[in-house]
Enquirer: 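Below you will find the structure I want to go over with you.
Computed from a predicted structure; not experimentally measured. One is the number of the first residue; the rest follow in order along the sequence.
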Amino acid sequence: MDILKSFGIDPEDIAVLCGEIISLSKLEKMGLLEFNNLVHLKSPISRIVRYFPNTISNDGLNHSLDALSNNTVYLNNAENFDDCFDCAVDLEWTPFYERRIKKYCLYFNVDYNNVSLEELPYKIALKLYEFGTAQNAIDSIDNSLDEVQKLEIKNFILRAYIAGQEASGWVATIVDYVKDEYMRLINTFKHFKITCLTTSPYLNRMWANHNNKGFCIEYELDTKNELFFDLFPVIYSQKRNDYTPLSEHCDQKPNINDLWQIYFNGLLRKSLHWIDQQEWRLIRYETDNKAKSIPFFKIKKVYLGNKMPIAERQKIIAICKKETYPYVGMIRKPNSFDLIECEGDCSMCQQCLISSTNKIK
């Protein structure tokens, strides 16, 4: 990092996208539309694969076999990923709370200058009390605000008045309302479901994640399929920003800039330590907030792990034959750590069978 600084390069401004080094700040300034144009039109992906562990998940199902048999992919929750910081929501409560309380001060013409954060909810409650009735407070809402924003402020007022007619009794309700806003924003991120993919079936790190006992599926890219435009490359960097700026208008109708911040700072951001995964992601917003399997691109080829047990190998081969999927075993290239495709028939090839039972060969 010191070497980079000596050349006038800010280490925190370095990102890697599709194997190319790029300025993180420059990337952020692109916005979602330009970024989408870059990755789908100017430099589209040429190959897409997914590695499968071929194991039973916590829900008792083998989603790997389901994906192979039914040509589906599983849209998962980020909290189930191998990197515990993947898609972590960096949204601290205190700065969020301060921004939201001051926003409500602006809505009701409450001066928050030189007033402690602890006093602000009482100042807002006192202002609401002075309106006399909930309807008077609602009538004071600025008509220039968007409809979603006005509805949110109305709900805020009604909840305060329901809490009681004394200003002191409204303070806790006001704080609780902001807490609810915080949780609603957190839960919004959880509606985004992800399938992790990559660009090559020859990645040692990806095979090692599943102890070389799983399999890999390569898909035929279909640029006419709407899912193609839900595919995005991961942005690798050591810096991430938080979502606090979104708190400024979390009570408004979301816009494309909000969506870009969610993608740029969360859904697509990963540490440089994972750069060898060459990851792309299929990202979908699911209103029911449930992980699920969905139909995907047509299966082009299946690659069998080097250490896949013989019984599992035969099971996968049987499915491939039934569905007429081409399949091949992965072996180590002689005198190299690189992986290559075995030229033999995986169901009878001695090299594949030996690889699945012996560590040293």
Side-chain angles (χ1 to χ4, degrees), residues 78-79 85 87-192 240-267 285 287 289:
E79 61 191 22
F85 301 114
C87 295
V89 178
D90 289 341
L91 182 63
E92 294 185 17
W93 161 248
T94 300
F96 175 90
Y97 174 73
E98 181 175 359
R99 287 182 179 233
R100 293 305 303 154
I101 283 293
K102 288 183 177 180
K103 196 72 173 179
Y104 280 109
C105 285
L106 292 175
Y107 291 152
F108 301 113
N109 294 315
V110 174
D111 184 5
Y112 57 75
N113 292 310
N114 301 317
V115 180
S116 70
L117 188 59
E118 291 74 19
E119 292 180 84
L120 290 180
Y122 182 80
K123 298 272 286 185
I124 295 172
L126 187 60
K127 183 68 174 183
L128 291 176
Y129 181 76
E130 291 174 351
F131 279 116
T133 67
Q135 189 58 53
N136 287 339
I138 292 171
D139 290 341
S140 74
I141 297 174
D142 186 351
N143 282 327
S144 67
L145 301 176
D146 72 45
E147 293 304 315
V148 174
Q149 201 169 12
K150 287 189 286 187
L151 180 60
E152 189 69 28
I153 298 171
K154 180 180 178 180
N155 289 336
F156 177 88
I157 293 170
L158 291 175
R159 185 160 158 182
Y161 270 86
I162 289 172
Q165 292 300 311
E166 293 297 328
S168 59
W170 295 349
V171 173
T173 301
I174 290 171
V175 174
D176 285 344
Y177 195 90
V178 177
K179 287 181 180 178
D180 288 347
E181 287 184 324
Y182 178 80
M183 292 311 303
R184 287 205 301 270
L185 185 55
I186 293 289
N187 289 329
T188 295
F189 305 139
K190 295 181 179 181
H191 281 273
F192 290 92
R240 355 182 3 164
N241 298 326
D242 63 37
Y243 288 114
T244 304
L246 290 177
S247 63
E248 286 285 344
H249 44 88
C250 66
D251 56 356
Q252 300 177 34
K253 184 178 181 179
N255 57 47
I256 194 168
N257 292 325
D258 298 332
L259 186 60
W260 172 233
Q261 286 303 313
I262 292 173
Y263 274 66
F264 177 76
N265 284 316
L267 300 175
Y285 184 87
T287 54
N289 196 22

Enquirer: Sequence neighbours excluded, which residues qualify as side chain to side chain donor-acceptor pair (under 3.5 Å) partners of Y104?
Expert: E181
Enquirer: Rounded to the nearest 0.5 Å, what separation is found between the CG atom of L117 and the CD1 atom of I101?
Expert: 7.0 Å
Enquirer: Identify which one of W93, Y177, Y97 satisfies the ring pair (Phe, Tyr, Trp, His ring centres under 6.0 Å) criterion when paired with Y182.
Expert: W93
Enquirer: Listing request: all salt bridge (Lys or Arg N to Asp or Glu O under 4.0 Å) pairs with a residue in residues 249-260, at least two apart in sequence or in separate chains.
Expert: R100-D251
Enquirer: Sequence neighbours excluded, which residues qualify as salt bridge (Lys or Arg N to Asp or Glu O under 4.0 Å) partners of E98?
Expert: K102
Enquirer: Please name all residues satisfying side chain to side chain contact (heavy atoms under 4.5 Å, CB included) with N257, sequence neighbours left out, ordered by chain then number.
Expert: N255
Enquirer: Measure across F96 and V178 and return the closest heavy-atom pair with its distance rounded to 0.1 Å.
Expert: CE2-O, 3.7 Å
Enquirer: At what distance, to the nearest 0.5 angstrom, does CD1 of I141 lie from CD1 of I157?
Expert: 4.0 Å
Enquirer: For D180, which residues count as a side chain to side chain donor-acceptor pair (under 3.5 Å) partner, sequence neighbours excluded?
Expert: R159
Enquirer: Please report the interatomic distance CG(L158) to CD1(I153), rounded to the nearest 0.5 Å.
Expert: 12.0 Å
Enquirer: For atom NZ of K123, decide whether the heavy atoms of other residues, nucleotides or ligands shown that lie under 6.0 angstrom number more than 12.
Expert: no
Enquirer: My understanding is that only residues two or more places apart in sequence, or in another chain, count here; which of them pass side chain to side chain donor-acceptor pair (under 3.5 Å) with N143?
Expert: none
Enquirer: List in chain and number order the residues that pass side chain to side chain contact (heavy atoms under 4.5 Å, CB included) with S116, two or more places apart in sequence or in another chain; answer none if no residue qualifies.
Expert: E118, E119
Enquirer: Would you sort out whether C105 and I124 count as a side-chain contact (heavy atoms from CB on, under 4.5 Å), showing the intermediate values?
Expert: CA-CA 6 Å; C105 285; I124 295 172; 3.9 Å; yes
Enquirer: For N113, does the CG atom sit with more than 12 other heavy atoms under 6.0 Å from it, leaving out its own atoms?
Expert: yes
Enquirer: How far does CD1 of I174 sit from OH of Y122, to the nearest 0.5 angstrom?
Expert: 11.0 Å
Enquirer: What's the separation between atom CD in Q252 and atom CG in L246, rounded to the nearest 0.5 Å?
Expert: 11.0 Å
Enquirer: Using side chain to side chain donor-acceptor pair (under 3.5 Å) as the criterion, list what pairs up with D139, not counting sequence neighbours.
Expert: Q135
Enquirer: To the nearest 0.5 angstrom, please state how far the OG1 atom of T244 sits from the CG atom of N265.
Expert: 10.0 Å
Enquirer: Suppose we screen for side chain to side chain contact (heavy atoms under 4.5 Å, CB included). Which residues come up paired with F131, at least two apart in sequence or across chains?
Expert: F108, K127, L128, N136, A137, S140, Y161
Enquirer: I'd like to know if R184 and E152 make a salt bridge, using a cut-off of under 4.0 Å between side-chain N and carboxylate O.
Expert: yes
Enquirer: Using the salt bridge (Lys or Arg N to Asp or Glu O under 4.0 Å) rule, collect all pairs that involve residues 141-150, keeping only residues at least two apart or in two chains.
Expert: E147-K150
